[in-house]
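Structure, as C-alpha coordinates:
All values below come from the heavy atoms of this structure, side chains included, with hydrogens, waters and symmetry mates left out. Values in this document were obtained by computation on a predicted structure and should not be read as measured data.
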Amino acid sequence: SPMQWRRRTGIPRVGYLWRYLDELLKIERFDTIAAGVQAFVEHFLVEWVRRCIRETGLSRLAVSGGTFMNVKANQAILSLPEVDELFVFPSCGDETNSVGSAYWYYANQKLSANQRVDIDGLGPIYWGGEFHDSDIESILQTYSFTSNNVRWEKYDDVEGKVAELLANEQVVARFKGRMEFGARALGNRSILANASQPNVVHYINDIIKSRDFWMPFAPSVLSDCSTDYFHKPISVKASYMVMSFDTTNNKRGSIAAAVHPQDGTARPQEVYPGDNPDYESLLRKYQSISGHGAILNTSFNLHGYPLVYSPDDALKVFDVSGLEYLALGNFIVSK
(Lines give C-alpha, C1' and ligand atoms only; values in the text may rest on other atoms or scores of the structure.)
Protein backbone atom coordinates (compact mmCIF):
# COMPACT_ATOMS: atom_id res chain seq x y z
CA SER A 1 0.00 0.00 0.00
CA PRO A 2 1.14 3.65 -0.30
CA MET A 3 1.47 3.82 3.50
CA GLN A 4 3.70 0.74 3.64
CA TRP A 5 5.73 2.02 0.70
CA ARG A 6 6.29 5.36 2.45
CA ARG A 7 7.43 3.65 5.63
CA ARG A 8 9.75 1.35 3.69
CA THR A 9 11.37 4.12 1.65
CA GLY A 10 11.37 6.83 4.31
CA ILE A 11 10.03 9.36 1.81
CA PRO A 12 8.06 12.08 3.65
CA ARG A 13 4.29 12.46 3.27
CA VAL A 14 4.54 15.62 1.17
CA GLY A 15 5.06 14.65 -2.46
CA TYR A 16 5.09 10.93 -1.78
CA LEU A 17 2.22 10.17 -4.18
CA TRP A 18 4.11 11.47 -7.21
CA ARG A 19 7.15 9.37 -6.37
CA TYR A 20 5.04 6.33 -5.61
CA LEU A 21 3.29 6.55 -8.97
CA ASP A 22 6.55 7.33 -10.74
CA GLU A 23 8.11 4.17 -9.37
CA LEU A 24 5.11 2.10 -10.40
CA LEU A 25 4.56 3.56 -13.87
CA LYS A 26 7.76 5.07 -15.25
CA ILE A 27 8.53 2.03 -17.41
CA GLU A 28 4.94 1.57 -18.62
CA ARG A 29 3.65 2.78 -21.99
CA PHE A 30 1.23 5.70 -21.88
CA ASP A 31 -1.51 3.68 -23.60
CA THR A 32 -1.16 0.90 -21.01
CA ILE A 33 -1.64 3.45 -18.22
CA ALA A 34 -4.60 5.02 -20.05
CA ALA A 35 -6.19 1.59 -20.53
CA GLY A 36 -5.89 0.91 -16.80
CA VAL A 37 -7.53 4.23 -15.91
CA GLN A 38 -10.27 3.58 -18.47
CA ALA A 39 -10.94 0.13 -17.01
CA PHE A 40 -11.19 1.66 -13.54
CA VAL A 41 -13.60 4.39 -14.71
CA GLU A 42 -15.83 1.84 -16.44
CA HIS A 43 -15.85 -0.47 -13.40
CA PHE A 44 -16.59 2.40 -11.00
CA LEU A 45 -19.40 3.92 -13.09
CA VAL A 46 -21.07 0.59 -13.83
CA GLU A 47 -21.10 -0.33 -10.15
CA TRP A 48 -22.35 3.13 -9.16
CA VAL A 49 -25.18 3.01 -11.74
CA ARG A 50 -26.12 -0.51 -10.66
CA ARG A 51 -26.43 0.66 -7.04
CA CYS A 52 -28.42 3.75 -8.05
CA ILE A 53 -30.91 1.55 -9.88
CA ARG A 54 -31.13 -0.85 -6.94
CA GLU A 55 -31.74 1.97 -4.44
CA THR A 56 -34.24 3.95 -6.52
CA GLY A 57 -35.94 1.27 -8.59
CA LEU A 58 -35.50 3.52 -11.66
CA SER A 59 -34.13 1.91 -14.81
CA ARG A 60 -34.55 4.81 -17.26
CA LEU A 61 -31.35 6.84 -16.94
CA ALA A 62 -30.42 10.38 -17.94
CA VAL A 63 -26.79 11.31 -17.30
CA SER A 64 -24.67 14.40 -17.90
CA GLY A 65 -21.30 15.90 -17.15
CA GLY A 66 -17.75 15.52 -18.39
CA THR A 67 -17.33 11.93 -17.24
CA PHE A 68 -20.23 10.88 -19.46
CA MET A 69 -18.38 12.12 -22.53
CA ASN A 70 -16.54 8.81 -22.06
CA VAL A 71 -18.24 6.82 -24.81
CA LYS A 72 -16.84 3.44 -23.79
CA ALA A 73 -18.08 3.88 -20.21
CA ASN A 74 -21.50 4.79 -21.61
CA GLN A 75 -21.45 1.60 -23.68
CA ALA A 76 -20.70 -0.42 -20.53
CA ILE A 77 -23.61 1.24 -18.71
CA LEU A 78 -25.94 0.60 -21.63
CA SER A 79 -24.99 -3.09 -21.51
CA LEU A 80 -26.24 -3.50 -17.94
CA PRO A 81 -29.30 -5.78 -17.89
CA GLU A 82 -30.87 -3.43 -15.31
CA VAL A 83 -30.87 -0.49 -17.78
CA ASP A 84 -34.01 -0.05 -19.89
CA GLU A 85 -33.20 3.36 -21.37
CA LEU A 86 -30.19 5.69 -21.44
CA PHE A 87 -29.93 9.34 -22.44
CA VAL A 88 -26.54 11.05 -22.38
CA PHE A 89 -26.65 14.83 -22.55
CA PRO A 90 -24.50 15.90 -25.52
CA SER A 91 -22.57 18.67 -23.77
CA CYS A 92 -20.80 18.88 -20.44
CA GLY A 93 -20.09 22.51 -19.52
CA ASP A 94 -21.76 25.04 -17.26
CA GLU A 95 -23.72 26.38 -20.24
CA THR A 96 -26.00 23.36 -19.86
CA ASN A 97 -27.34 24.47 -16.48
CA SER A 98 -30.04 26.46 -18.29
CA VAL A 99 -31.10 23.32 -20.17
CA GLY A 100 -31.23 21.42 -16.88
CA SER A 101 -33.52 24.08 -15.46
CA ALA A 102 -35.85 23.74 -18.43
CA TYR A 103 -35.82 19.93 -18.07
CA TRP A 104 -36.67 20.26 -14.37
CA TYR A 105 -39.69 22.42 -15.18
CA TYR A 106 -40.76 20.11 -18.04
CA ALA A 107 -40.49 16.98 -15.86
CA ASN A 108 -42.50 18.51 -13.04
CA GLN A 109 -45.23 19.60 -15.45
CA LYS A 110 -45.43 16.07 -16.87
CA LEU A 111 -45.37 14.38 -13.47
CA SER A 112 -48.06 16.67 -12.07
CA ALA A 113 -50.27 15.60 -14.98
CA ASN A 114 -49.40 11.92 -14.42
CA GLN A 115 -47.71 11.78 -17.83
CA ARG A 116 -44.56 9.96 -18.91
CA VAL A 117 -41.40 12.07 -18.95
CA ASP A 118 -39.42 11.78 -22.20
CA ILE A 119 -35.78 11.74 -21.10
CA ASP A 120 -34.54 12.26 -24.68
CA GLY A 121 -36.56 15.35 -25.45
CA LEU A 122 -33.83 17.51 -26.96
CA GLY A 123 -34.30 16.60 -30.60
CA PRO A 124 -31.98 18.27 -33.11
CA ILE A 125 -29.50 20.53 -31.32
CA TYR A 126 -28.61 22.88 -34.16
CA TRP A 127 -29.05 25.92 -31.93
CA GLY A 128 -26.25 28.16 -33.20
CA GLY A 129 -26.06 30.91 -35.78
CA GLU A 130 -26.97 30.53 -39.45
CA PHE A 131 -25.62 32.29 -42.54
CA HIS A 132 -27.52 32.49 -45.80
CA ASP A 133 -26.24 32.28 -49.37
CA SER A 134 -26.36 36.05 -49.77
CA ASP A 135 -24.03 36.45 -46.77
CA ILE A 136 -21.75 33.73 -48.10
CA GLU A 137 -21.59 35.14 -51.63
CA SER A 138 -20.73 38.59 -50.31
CA ILE A 139 -17.82 37.16 -48.28
CA LEU A 140 -16.61 35.03 -51.21
CA GLN A 141 -16.50 38.09 -53.47
CA THR A 142 -14.31 40.03 -51.04
CA TYR A 143 -12.18 37.30 -49.44
CA SER A 144 -8.47 37.54 -50.26
CA PHE A 145 -7.15 34.00 -50.76
CA THR A 146 -3.43 33.30 -50.42
CA SER A 147 -3.59 31.20 -53.59
CA ASN A 148 -4.70 32.26 -57.06
CA ASN A 149 -5.93 28.74 -57.74
CA VAL A 150 -9.23 29.02 -55.83
CA ARG A 151 -12.58 28.95 -57.62
CA TRP A 152 -16.17 28.75 -56.44
CA GLU A 153 -19.51 27.85 -57.95
CA LYS A 154 -23.11 27.73 -56.73
CA TYR A 155 -25.10 24.51 -57.13
CA ASP A 156 -28.83 23.84 -57.17
CA ASP A 157 -28.08 20.44 -55.57
CA VAL A 158 -24.96 20.97 -53.47
CA GLU A 159 -25.71 17.81 -51.42
CA GLY A 160 -25.61 15.72 -54.58
CA LYS A 161 -22.30 17.30 -55.63
CA VAL A 162 -20.75 16.65 -52.20
CA ALA A 163 -21.99 13.05 -52.34
CA GLU A 164 -20.24 12.62 -55.71
CA LEU A 165 -16.99 14.06 -54.35
CA LEU A 166 -17.09 11.77 -51.30
CA ALA A 167 -17.83 8.72 -53.43
CA ASN A 168 -14.78 9.68 -55.53
CA GLU A 169 -12.70 9.61 -52.32
CA GLN A 170 -12.35 13.38 -51.94
CA VAL A 171 -12.34 15.04 -48.53
CA VAL A 172 -14.92 17.83 -48.22
CA ALA A 173 -15.42 20.39 -45.45
CA ARG A 174 -19.11 21.19 -44.96
CA PHE A 175 -20.54 24.47 -43.65
CA LYS A 176 -24.31 24.80 -43.87
CA GLY A 177 -27.32 25.71 -41.76
CA ARG A 178 -27.34 26.48 -38.07
CA MET A 179 -24.27 25.56 -36.05
CA GLU A 180 -24.52 22.54 -33.79
CA PHE A 181 -24.52 22.79 -29.98
CA GLY A 182 -22.58 20.43 -27.78
CA ALA A 183 -19.30 18.56 -27.78
CA ARG A 184 -19.42 17.04 -31.29
CA ALA A 185 -19.58 18.27 -34.86
CA LEU A 186 -22.88 16.98 -36.27
CA GLY A 187 -22.57 17.64 -39.97
CA ASN A 188 -23.10 21.39 -40.28
CA ARG A 189 -19.54 22.35 -39.32
CA SER A 190 -17.77 19.14 -40.29
CA ILE A 191 -15.05 17.62 -42.43
CA LEU A 192 -16.46 14.63 -44.33
CA ALA A 193 -14.78 11.71 -46.06
CA ASN A 194 -15.37 8.27 -47.50
CA ALA A 195 -15.12 6.06 -44.40
CA SER A 196 -14.35 2.92 -46.38
CA GLN A 197 -10.82 4.17 -47.17
CA PRO A 198 -8.55 3.59 -44.11
CA ASN A 199 -5.76 5.77 -45.52
CA VAL A 200 -8.04 8.83 -45.37
CA VAL A 201 -7.27 9.04 -41.62
CA HIS A 202 -3.62 9.84 -42.32
CA TYR A 203 -4.59 12.17 -45.15
CA ILE A 204 -6.94 14.25 -42.98
CA ASN A 205 -4.37 14.41 -40.20
CA ASP A 206 -1.71 15.53 -42.67
CA ILE A 207 -3.76 18.23 -44.37
CA ILE A 208 -5.55 19.75 -41.38
CA LYS A 209 -6.20 17.90 -38.13
CA SER A 210 -2.72 16.87 -36.88
CA ARG A 211 -4.39 14.59 -34.32
CA ASP A 212 -2.48 12.05 -32.27
CA PHE A 213 -2.40 8.62 -33.89
CA TRP A 214 -4.57 7.04 -31.19
CA MET A 215 -7.50 9.47 -31.62
CA PRO A 216 -10.15 7.75 -33.78
CA PHE A 217 -12.59 9.50 -36.07
CA ALA A 218 -16.32 8.80 -36.02
CA PRO A 219 -19.12 8.07 -38.52
CA SER A 220 -22.38 9.73 -39.44
CA VAL A 221 -24.88 7.05 -40.42
CA LEU A 222 -28.38 7.06 -41.86
CA SER A 223 -30.73 6.24 -38.98
CA ASP A 224 -32.64 3.55 -40.86
CA CYS A 225 -29.53 1.47 -41.51
CA SER A 226 -27.71 2.05 -38.21
CA THR A 227 -28.37 -1.48 -36.99
CA ASP A 228 -26.66 -2.82 -40.13
CA TYR A 229 -23.45 -1.22 -38.87
CA PHE A 230 -23.72 -1.39 -35.05
CA HIS A 231 -24.66 -3.87 -32.35
CA LYS A 232 -26.76 -2.13 -29.69
CA PRO A 233 -27.34 -3.80 -26.31
CA ILE A 234 -30.81 -2.20 -26.30
CA SER A 235 -32.67 -0.01 -28.76
CA VAL A 236 -31.50 3.54 -28.18
CA LYS A 237 -31.33 6.70 -30.28
CA ALA A 238 -27.73 7.84 -30.84
CA SER A 239 -27.86 11.29 -32.45
CA TYR A 240 -24.98 13.03 -30.68
CA MET A 241 -21.82 10.87 -30.89
CA VAL A 242 -21.78 10.25 -27.13
CA MET A 243 -22.14 6.45 -27.09
CA SER A 244 -19.98 3.80 -28.68
CA PHE A 245 -21.13 0.45 -30.05
CA ASP A 246 -19.47 -2.67 -31.40
CA THR A 247 -19.49 -2.70 -35.18
CA THR A 248 -20.92 -5.59 -37.18
CA ASN A 249 -18.52 -7.95 -38.93
CA ASN A 250 -20.00 -7.45 -42.38
CA LYS A 251 -20.01 -3.64 -42.25
CA ARG A 252 -16.85 -2.89 -40.26
CA GLY A 253 -14.69 -2.68 -43.37
CA SER A 254 -17.01 -0.20 -45.06
CA ILE A 255 -16.45 2.30 -42.21
CA ALA A 256 -12.86 1.31 -41.39
CA ALA A 257 -11.64 4.93 -41.21
CA ALA A 258 -14.26 5.76 -38.55
CA VAL A 259 -13.73 2.71 -36.32
CA HIS A 260 -11.40 2.43 -33.33
CA PRO A 261 -8.60 0.21 -34.66
CA GLN A 262 -8.01 -1.60 -31.35
CA ASP A 263 -11.48 -2.76 -30.38
CA GLY A 264 -13.68 -2.32 -33.45
CA THR A 265 -16.05 0.15 -31.78
CA ALA A 266 -17.40 3.42 -33.16
CA ARG A 267 -19.31 6.39 -31.72
CA PRO A 268 -21.88 7.15 -34.43
CA GLN A 269 -24.10 10.09 -35.17
CA GLU A 270 -27.38 8.67 -36.37
CA VAL A 271 -28.86 11.14 -38.87
CA TYR A 272 -32.66 11.38 -38.91
CA PRO A 273 -34.54 13.17 -41.75
CA GLY A 274 -36.41 15.43 -39.35
CA ASP A 275 -33.28 16.42 -37.45
CA ASN A 276 -31.20 17.66 -40.38
CA PRO A 277 -32.94 17.22 -43.77
CA ASP A 278 -30.06 18.57 -45.88
CA TYR A 279 -27.42 16.40 -44.21
CA GLU A 280 -29.68 13.36 -44.36
CA SER A 281 -30.20 14.03 -48.07
CA LEU A 282 -26.43 14.17 -48.58
CA LEU A 283 -25.97 10.77 -46.92
CA ARG A 284 -28.87 9.30 -48.85
CA LYS A 285 -27.40 10.45 -52.17
CA TYR A 286 -23.98 9.18 -51.13
CA GLN A 287 -25.55 5.80 -50.35
CA SER A 288 -27.19 5.65 -53.78
CA ILE A 289 -23.80 6.22 -55.44
CA SER A 290 -21.47 4.22 -53.19
CA GLY A 291 -23.73 1.67 -51.53
CA HIS A 292 -22.57 2.87 -48.09
CA GLY A 293 -24.96 4.46 -45.58
CA ALA A 294 -22.23 6.03 -43.44
CA ILE A 295 -19.40 8.54 -43.86
CA LEU A 296 -16.53 9.80 -41.74
CA ASN A 297 -17.42 13.01 -39.89
CA THR A 298 -14.89 15.04 -37.90
CA SER A 299 -15.01 18.63 -36.67
CA PHE A 300 -14.22 21.49 -39.05
CA ASN A 301 -11.32 23.19 -37.32
CA LEU A 302 -7.56 23.23 -37.07
CA HIS A 303 -6.32 20.97 -34.27
CA GLY A 304 -6.44 22.82 -30.96
CA TYR A 305 -8.70 25.57 -32.29
CA PRO A 306 -12.47 26.01 -31.87
CA LEU A 307 -15.01 24.80 -34.41
CA VAL A 308 -15.51 27.28 -37.26
CA TYR A 309 -18.56 29.50 -36.75
CA SER A 310 -18.84 31.94 -39.65
CA PRO A 311 -18.19 31.72 -43.40
CA ASP A 312 -15.09 33.83 -42.82
CA ASP A 313 -13.81 31.26 -40.28
CA ALA A 314 -14.48 28.45 -42.75
CA LEU A 315 -12.62 30.22 -45.56
CA LYS A 316 -9.63 30.96 -43.32
CA VAL A 317 -9.27 27.28 -42.35
CA PHE A 318 -9.77 26.22 -45.97
CA ASP A 319 -7.18 28.76 -47.11
CA VAL A 320 -4.37 27.84 -44.68
CA SER A 321 -4.91 24.07 -44.66
CA GLY A 322 -4.54 21.36 -47.27
CA LEU A 323 -8.30 21.11 -47.80
CA GLU A 324 -9.19 21.07 -51.49
CA TYR A 325 -13.00 21.24 -51.27
CA LEU A 326 -15.33 23.30 -49.11
CA ALA A 327 -19.12 23.09 -49.36
CA LEU A 328 -20.09 26.54 -48.11
CA GLY A 329 -23.85 26.88 -48.03
CA ASN A 330 -24.89 26.04 -51.58
CA PHE A 331 -21.46 26.90 -52.97
CA ILE A 332 -18.49 24.60 -53.63
CA VAL A 333 -15.13 26.29 -53.11
CA SER A 334 -12.17 24.36 -54.51
CA LYS A 335 -8.44 24.64 -55.06
Side-chain angles (χ1 to χ4, degrees), residues 124 126 130-133 136-137 151-180 184-201 203-204 217-230 237-241 247-248 250-259 266 268-300 308 311 314 318 323-335:
Y126 299 95
E130 182 175 11
F131 299 85
H132 300 286
D133 281 348
I136 292 169
E137 186 167 18
R151 59 189 182 275
W152 48 273
E153 183 178 351
K154 190 173 183 180
Y155 286 83
D156 292 332
D157 179 17
V158 73
E159 277 72 41
K161 179 61 178 177
V162 173
E164 289 178 13
L165 290 169
L166 294 174
N168 289 323
E169 301 180 13
Q170 301 295 333
V171 173
V172 184
R174 182 175 189 266
F175 179 107
K176 193 173 189 183
R178 296 185 66 177
M179 185 175 180
E180 46 272 81
R184 311 292 187 208
L186 300 175
N188 284 2
R189 304 291 188 276
S190 292
I191 296 171
L192 310 176
N194 185 329
S196 68
Q197 303 298 316
N199 61 331
V200 80
V201 172
Y203 179 73
I204 292 174
F217 291 113
S220 291
V221 60
L222 289 166
S223 59
D224 58 8
C225 60
S226 180
T227 53
D228 295 336
Y229 289 86
F230 308 108
K237 191 175 179 181
S239 302
Y240 313 121
M241 283 188 181
T247 51
T248 60
N250 62 321
K251 289 291 189 180
R252 188 174 301 133
S254 67
I255 54 169
V259 171
Q269 173 204 3
E270 293 176 341
V271 181
Y272 291 80
D275 288 356
N276 193 332
D278 284 348
Y279 192 42
E280 201 269 351
S281 173
L282 189 160
L283 266 71
R284 190 71 64 187
K285 290 173 180 178
Y286 174 76
Q287 183 187 42
S288 69
I289 300 170
S290 68
H292 303 309
I295 59 174
L296 182 152
N297 169 10
T298 188
S299 57
F300 186 7
V308 301
F318 172 79
L323 281 167
E324 295 180 2
Y325 293 96
L326 165 62
L328 190 61
N330 289 305
F331 296 86
I332 297 287
V333 188
S334 59
K335 293 174 185 168

**Request:** Could you tell me which non-hydrogen atom of Ile191 sits nearest to which non-hydrogen atom of Ser299, and how far apart they are?
**Result:** CD1-O, 3.7 Å
**Message:** According to ring pair (Phe, Tyr, Trp, His ring centres under 6.0 Å), who are the partners of Phe131, at least two apart in sequence or on a separate chain?
**Reply:** Tyr309
**Request:** Go through the structure and list residues passing ring pair (Phe, Tyr, Trp, His ring centres under 6.0 Å) with Phe331, not counting sequence neighbours.
**Result:** Trp152
**Message:** Under the rule for side-chain hydrogen bond (donor to acceptor under 3.5 Å, both in side chains), what residues qualify as partners of Tyr240, not counting sequence neighbours?
**Reply:** none
**Prompt:** Of all heavy-atom pairs between Ala257 and Leu296, which one has the smallest distance, and what is that distance?
**Reply:** O-CD1, 3.5 Å
**Item:** Heavy-atom side-chain contact between Val271 and Leu186 under 4.5 Å
**Value:** no
**Request:** Find out whether Val259 and Tyr229 are in side-chain contact, i.e. whether some heavy atom of one side chain is under 4.5 Å from a heavy atom of the other.
**Result:** no
**Request:** Please list, chain by chain and in numerical order, all residues satisfying side-chain hydrogen bond (donor to acceptor under 3.5 Å, both in side chains) with Asn330, sequence neighbours excluded.
**Result:** Asp133, Lys176
**Request:** Output yes when a side-chain donor or acceptor of Thr248 lies under 3.5 Å from a complementary backbone atom of Asp228, and no otherwise.
**Result:** yes
**Message:** So, using side chain to side chain contact (heavy atoms under 4.5 Å, CB included) as the criterion, who are the partners of Pro277 when residues are at least two apart?
**Reply:** none
**Prompt:** Are any non-hydrogen side-chain atoms of Arg174 and Tyr279 less than 4.5 angstrom apart?
**Reply:** yes
**Fill in**
Between the CD atom in Gln197 and the CD1 atom in Ile255, the distance rounded to the nearest 0.5 Å is 13.5 Å
**Request:** Go through the structure and list residues passing salt bridge (charged side-chain N to carboxylate O under 4.0 Å, His left out) with Glu180, not counting sequence neighbours.
**Result:** none
**Request:** For the residue pair Tyr272 and Pro124, establish whether any side-chain heavy-atom pair is separated by less than 4.5 Å.
**Result:** no
**Message:** Is a donor from one side chain sitting under 3.5 angstrom from an acceptor on the other, for Asn276 and Tyr126?
**Reply:** yes
**Message:** Rounded to the nearest 0.5 Å, what separates atom CD in Glu169 from atom OG in Ser290?
**Reply:** 10.5 Å
**Asked** Can you check whether Val162 reaches Tyr325 side chain to side chain, under 4.5 Å on heavy atoms?
**Response** no
**Prompt:** Between Phe318 and Lys335, is there a cation-pi geometry (under 6.0 Å to ring centre, at most 45° from the normal)?
**Reply:** yes
**For the student: nearest non-hydrogen atoms of Ala294 and Tyr286, plus distance** = O-CE2, 3.5 Å
**Prompt:** What do you reckon, is CG of Asp156 surrounded by more than 12 foreign heavy atoms closer than 6.0 Å?
**Reply:** no
**Separation of Thr247 OG1 from Arg252 CZ (nearest 0.5 Å)** = 3.5 Å
**Prompt:** Quick one: does Glu280's side chain get under 4.5 Å of Leu222's, heavy atoms only?
**Reply:** yes
**Fill in**
Shortest non-hydrogen pair, Ser220 vs Met241, comes out as OG-CE, 4.4 Å
**Request:** Report the residues that fulfil side-chain hydrogen bond (donor to acceptor under 3.5 Å, both in side chains) with Glu164, sequence neighbours left out, ordered by chain and then residue number.
**Result:** none
**Asked** What's the shortest heavy-atom distance between Ala185 and Asn297, and which atoms?
**Response** O-ND2, 3.2 Å
**salt bridge (charged side-chain N to carboxylate O under 4.0 Å, His left out) partners of Lys237, counting only residues at least two apart** = Asp275
**Complete:** Hits for salt bridge (charged side-chain N to carboxylate O under 4.0 Å, His left out) against Arg189, two or more places apart or cross-chain, chain-then-number order -> none
**Asked** Residues in salt bridge (charged side-chain N to carboxylate O under 4.0 Å, His left out) with Lys285, at least two apart?
**Response** Asp157
**Asked** By side-chain hydrogen bond (donor to acceptor under 3.5 Å, both in side chains), which residues pair with Glu130, not counting sequence neighbours?
**Response** none
**Residue pair Lys251 / Cys225, side-chain heavy-atom distance below 4.5 Å** = no
**Asked** For the residue pair Ile136 and Pro311, what are the closest heavy atoms and their distance?
**Response** CG1-CG, 3.9 Å
**Request:** List for me each residue that meets side chain to side chain contact (heavy atoms under 4.5 Å, CB included) alongside Ser226, sequence neighbours excluded, and say none if there are none.
**Result:** Val221, Phe230, Lys232, Glu270
**Message:** Please check: side-chain N/O of Asp278 versus main-chain N/O of Glu159, any donor-acceptor pairing under 3.5 Å?
**Reply:** no
**Message:** For a 4.5 angstrom cut-off between non-hydrogen side-chain atoms, does Lys161 reach Val172?
**Reply:** no
